[in-house]
Amino acid sequence: MAKRVDTYFVDDLTEERDESVKERIISLDSRRVAIDLGDDSYAELAEKLAPYFAAGRSRRAAAAPRQATRAVAETKTAEPTTSDIRAWAKRRRIKVAARGRIPAALREQYLADHMNAA
């Protein structure tokens, strides 16, 4: 028996199938949402927002917080890296994926082992 699965995208506003539907990110104040819009819906949104963009000033709001976060993360030395945990797990013959997230239980096991060693 053959099985066929078709995947198609639907505009979140019109609920119509459309080849031009893409995920769009919209941000207002601190709320950031993803919405699937086709070209027509996106053009309508852009037209409605055009006066606000014309009156506004360009700025890169996301750049400053990311840099600040990185600077704070660099000063933290107690947090192990994923490569540290993977190397530790390999030495103990614990199975762990070569890529992706480290399971919380394995991270806790690593931290417990290193707390006991200190």
| remark: Here the gap from Lys22 atom NZ to Leu37 atom CG, rounded to the nearest 0.5 Å, amounts to 11.0 Å
| said: I need the Leu106 CG to Arg101 CZ distance, nearest 0.5 Å. | reply: 13.0 Å
| query | Nearest 0.5 Å, what's the OG-CG distance between Ser41 and Asp18? | reply | 8.0 Å
| message | Test your reading of the model: is there a side-chain donor-acceptor pair from Asp12 to the backbone of Asp36, 3.5 Å cut-off? | response | yes
| query | Any idea which heavy atoms bring Arg32 and Ile25 closest together, and the distance? | reply | NE-CG2, 3.3 Å
| Do you know which two heavy atoms are closest between Gly38 and Ser20, and how far apart they sit? | CA-OG, 3.6 Å
| note | When every non-hydrogen atom of Arg107 is compared with those of Pro80, the smallest separation belongs to NH1-O, 3.6 Å
| Asp29 side chain to Arg31 main-chain N or O, any donor-acceptor pair under 3.5 Å? | no
| So how far is it from Ile26 CD1 to Tyr42 OH, rounded to the nearest 0.5 Å? | 8.5 Å
| request: Kindly give the heavy-atom pair with the smallest separation between Asp11 and Val21, and that separation in Å. | output: N-CG2, 3.8 Å
| To the nearest 0.5 Å, what is the distance between CG (Asp113) and CD1 (Ile85)? | 11.5 Å
| Salt bridge between Asp39 and Arg24, side-chain N to carboxylate O under 4.0 Å? | yes
| field | Least distance between heavy atoms, Arg99 atom then Arg86 atom | value | C-NH2, 3.2 Å
| query | Ile94 versus Trp88: any side-chain heavy-atom pair under 4.5 Å? | reply | yes
| How many angstroms lie between atom CG of Asp40 and atom CG of Leu13, to the nearest 0.5 angstrom? | 11.5 Å
| task | Kindly work out whether a path of hydrophobic side-chain contacts (I/L/V/M/F/W/Y, heavy atoms less than 4.5 Å apart) joins Leu28 to Leu45. | result | no
